[in-house]
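Side chains included, hydrogens not; waters and symmetry mates left out as well; all remaining heavy atoms used. Note that the structure is a prediction, hence the values are computed from the model and not measured.
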Amino acid sequence: MTKTTAIVLLSIVTVIVLFLGVFSFIPDFEVGEYNEYHSPVGLIQKSNLLTDTVTANYLVELDDDVECFNAQNIIKARLRKAYGYYGVKVDYDEEKGTVTVEIPQTNNEAKSSAKDILSHVIANGKVEILSASYTSSPSYSEDSVVLSQEHFKRATVRSYINGETTLYICRVKLNSEGAKIAADELLTSTPYTCAVDGEVNTWVYYTGSELQITYAYSDVNQSKENAKVIASYINTDTLGATLTIDGKLVENTNSLAWIYLLVFGIIVLASLAFFAVRYKVLGIVPMIWQLCAVVIFTIFAGLVHVEIFNLAAAIGAILVYAFMTFFTVYVFERMRSAMLENKSFSWAKHTAFKDTMLVTLIAHGALLVLGIILWVIPSIVTTPLGCVFVYGAVLSFLVTFCLNRLFTLVIAPFYETSGKKAKSRK
């Protein structure tokens, strides 16, 4: 392999790592007309791990044949679908008959208050289409209901741009029974009314193949949020429970999380700087892959919605990074020492990985076993800590034992030319 080939390969890998890093940390954005891209960091911020939160306690009255477990899952699903909140706490206390909901205080696109968000996700969410035409002062009547929850198949949110105004609608697909009723009872291009829990404040059009629900007389941001809320009701079914607030909303600050991020960031940057100063060109290898490990861990934390992460897991992440850094230095110091003795790069590389292989395998195996043991112990400390140790052990092994070993071959042309021994790097 020539130096040019090595530079090209290292550049490609670096660009890929940076690309993944950028898409892990960029803000959320819309993809096409129907979906949104949620970056891993965006998902983490919309959990209760790194942000200030608001906690609400509710007294629960379940409908007949309804389990509270189902109501909990529906609330969580609505928070995800309507507001992009993942990993929020929705706990049920069977003895007290209460549900506790803890949501992030700020991170939602419409900047809705916690009170409004909570009122939306704990509503029964019964969506009905009335045969009455839309008027400026609509009213609800059970006799005029033509379509209800059992007639809906799924709902999506779509945007329409009209000049400088963006309008949002909730598009509802009907099942076979609903489609037949709509074809018999509704006319196309005629505005009808839509009721949510018996309150009419939206209009709906029947297009011949679907329903299009829009909030009337709302500003742009609010109409998008409301469209998502209605879609979440349709996609999750009714709550089947009545939740009554018990006490006041409680605001919780979370400054410790930002201190942790600052400390962890300093540790990562310090380790990368150490590799660059200590090992020169050789340090490019651990710099790339330790940075990649951080990006992969961030992606993982976002994709699993950080439901398994807490302070114990956060401390575990620092310990795993220190573990990975130690074994990287352990190998590269052997390599550097051999090169300072004017050994060839190939000999130094081969000897360093060979001499450290057994210790590396044993240490990573021990961390993996410890993680499994802690993971199966059901406590708020051991389970998250064990989870991080398990995934950290696998990630550290891939970096220190596999990727570092592989990419030292890539930088070999910078040390060996025409079979001569490498010059020592002081």
- Query: Does the side chain to side chain donor-acceptor pair (under 3.5 Å) test come out yes or no for T98 and N57, once each step is laid out?
  - Reply: CA-CA 7 Å; T98 60; N57 291 313; 5.6 Å; no
- Partners meeting side-chain hydrogen bond (donor to acceptor under 3.5 Å, both in side chains) with T298 (sequence neighbours left out): none
- Tightest non-hydrogen contact, residues A182 and L147, listed as CB-CD1, 4.1 Å
- Query: Under a 4.5 Å cut-off applied to non-hydrogen side-chain atoms, are I129 and L211 in contact?
  - Reply: yes
- State, to 0.1 Å, how close T383 and I377 come at their nearest heavy-atom pair, and which atoms those are. OG1-O, 2.7 Å
- Message: Testing the 3.5 Å rule here: is there a donor-acceptor pair between the side chains of Y205 and T188?
- Response: no
- Message: Between Y58 and V60 (side chain of the first, backbone of the second, donor and acceptor by atom type, cut-off under 3.5 Å), is there such a pair?
- Response: no
- Checking R334 side chain against A352 main chain: does a donor-acceptor pair fall under 3.5 Å? no
- Would a distance-only check, ignoring hydrogens and angles, find a side-chain to backbone donor-acceptor pair under 3.5 Å from Q149 to V127? yes
- Task: Could you walk me through whether L239 and I75 pass the side chain to side chain contact (heavy atoms under 4.5 Å, CB included) test, one step at a time?
- Result: CA-CA 8 Å; L239 189 62; I75 293 174; 3.9 Å; yes
- Task: Enter the distance from I230:CD1 to C170:SG here, rounded to the nearest 0.5 Å.
- Result: 6.0 Å
- Working for side chain to side chain contact (heavy atoms under 4.5 Å, CB included), residues T53 and I103: CA-CA 5 Å; T53 60; I103 65 170; over 6 Å; no
- Message: Let me confirm one number: the CD1-CD1 distance from I74 to I122, rounded to the nearest 0.5 Å.
- Response: 13.5 Å
- Output all residues satisfying side-chain hydrogen bond (donor to acceptor under 3.5 Å, both in side chains) with T190, sequence neighbours left out; order by chain, then residue number. none
- Sequence neighbours left out, what passes ring-ring contact (aromatic ring centres under 6.0 Å, His included) with F401? Give chain and number order. F397
- Query: So, do Y83 and V229 sit near enough that their side-chain heavy atoms are less than 4.5 Å apart?
  - Reply: yes
- Side-chain contact, heavy-atom cut-off 4.5 Å: M324 with Q290? yes
- Query: Is it true that Y391 and W375 have ring centroids separated by less than 6.0 Å?
  - Reply: yes
- Item | Counterpart residues, ring-ring contact (aromatic ring centres under 6.0 Å, His included), relative to F353 (two or more places apart) | none
- Message: Using the rule given for side chain to side chain contact (heavy atoms under 4.5 Å, CB included), can you reason through Y192 versus V146, listing the C-alpha separation, both sets of side-chain angles and the distance that settles it, and then say yes or no?
- Response: CA-CA 11 Å; Y192 295 97; V146 293; over 6 Å; no
- Say whether, by atom type as modelled, one donor and one acceptor occur between the side chain of T236 and the main chain of A77 under 3.5 angstrom. no
- Query: Would a distance-only check, ignoring hydrogens and angles, find a side-chain to backbone donor-acceptor pair under 3.5 Å from Y233 to H120?
  - Reply: yes
- Could you please spell out the steps behind the ring pair (Phe, Tyr, Trp, His ring centres under 6.0 Å) verdict for F407 and W289? CA-CA 9 Å; F407 267 74; W289 293 120; 5.1 Å; yes
- Query: Passes side chain to side chain contact (heavy atoms under 4.5 Å, CB included), L10 versus I411? Steps please.
  - Reply: CA-CA 9 Å; L10 287 170; I411 64 169; 3.9 Å; yes
- Item | Main-chain N/O of V90 paired with Q72 side-chain donor or acceptor, under 3.5 Å | yes
- Message: List the residues meeting salt bridge (Lys or Arg N to Asp or Glu O under 4.0 Å) with K153, not counting sequence neighbours, and say none if there are none.
- Response: none
- Task: Starting at CD1 of I259, measure out to CG of L262 and round the result to the nearest 0.5 Å.
- Result: 8.5 Å
- Item | Check: E210 and L174 side chains under 4.5 Å, non-hydrogen atoms | no
- Note on the structure: Those residues at least two apart in sequence (or on a different chain) that pass salt bridge (Lys or Arg N to Asp or Glu O under 4.0 Å) with D184 are K180
- With rounding to the nearest 0.5 Å, note down the distance linking CD1 in I169 to OG1 in T156. 8.0 Å
- Note on the structure: Correct closest heavy-atom pair for G316 and L385 would be CA-CD1, 3.5 Å
- Closest non-hydrogen atom pair, F264 against A317: CE1-O, 4.0 Å
- Item | Validation row: T55, L249 side chains within 4.5 angstrom (heavy atoms) | no
- Query: According to the side-chain hydrogen bond (donor to acceptor under 3.5 Å, both in side chains) rule, which pairs have a member within residues 8-18, sequence neighbours left out?
  - Reply: none
- Where the side chain of R158 meets the backbone of Q212, is there a donor-acceptor pair that is under 3.5 Å apart? no
- Task: For residues A179 and Y206, report the shortest heavy-atom separation together with the two atoms involved.
- Result: O-OH, 4.3 Å
- If only atom types and distance count, is the side chain of N124 paired as donor or acceptor with the main-chain N or O of G240 below 3.5 Å? yes
- Message: Do Y140 and D197 make a side-chain contact, defined as non-hydrogen atoms from C-beta onward lying under 4.5 Å apart?
- Response: no
- Results of side-chain hydrogen bond (donor to acceptor under 3.5 Å, both in side chains) for E199 - residues two or more places apart only: none
- Note on the structure: When rounded to the nearest 0.5 Å, the distance separating CD1 of I267 from CG of L272 is 12.0 Å
- Task: Kindly compute the distance separating CD1 (I288) from CD1 (I16), expressed to the nearest 0.5 Å.
- Result: 10.5 Å
- Message: Any non-hydrogen side-chain atom of M335 less than 4.5 Å from a side-chain atom of T408?
- Response: yes
- Listed partners of K115 passing salt bridge (Lys or Arg N to Asp or Glu O under 4.0 Å), at least two apart: none
- For the residue pair Y279 and F274, categorise the inter-ring angle as parallel (less than 30°), tilted (30 to 60°) or perpendicular (more than 60°). perpendicular
- Taken in chain and number order and not counting sequence neighbours, the residues that satisfy ring-ring contact (aromatic ring centres under 6.0 Å, His included) with F323 are F327, H364
- Item | side-chain hydrogen bond (donor to acceptor under 3.5 Å, both in side chains) partners for Y330, two or more places apart | none
- Note, I296 side chain near L395 side chain (heavy atom, < 4.5 Å): yes
- Heavy-atom pair with the smallest gap, counting every atom of V394 and L368: CG2-CD1, 4.5 Å
- Message: Donor-acceptor pair, distance only, cut-off 3.5 Å: does the side chain of S396 make one with the backbone of A393?
- Response: no
- Would a distance-only check, ignoring hydrogens and angles, find a side-chain to backbone donor-acceptor pair under 3.5 Å from N175 to E150? yes
- Query: Got a sec, which residues hit salt bridge (Lys or Arg N to Asp or Glu O under 4.0 Å) with E333, two or more places apart in sequence or on another chain?
  - Reply: R278
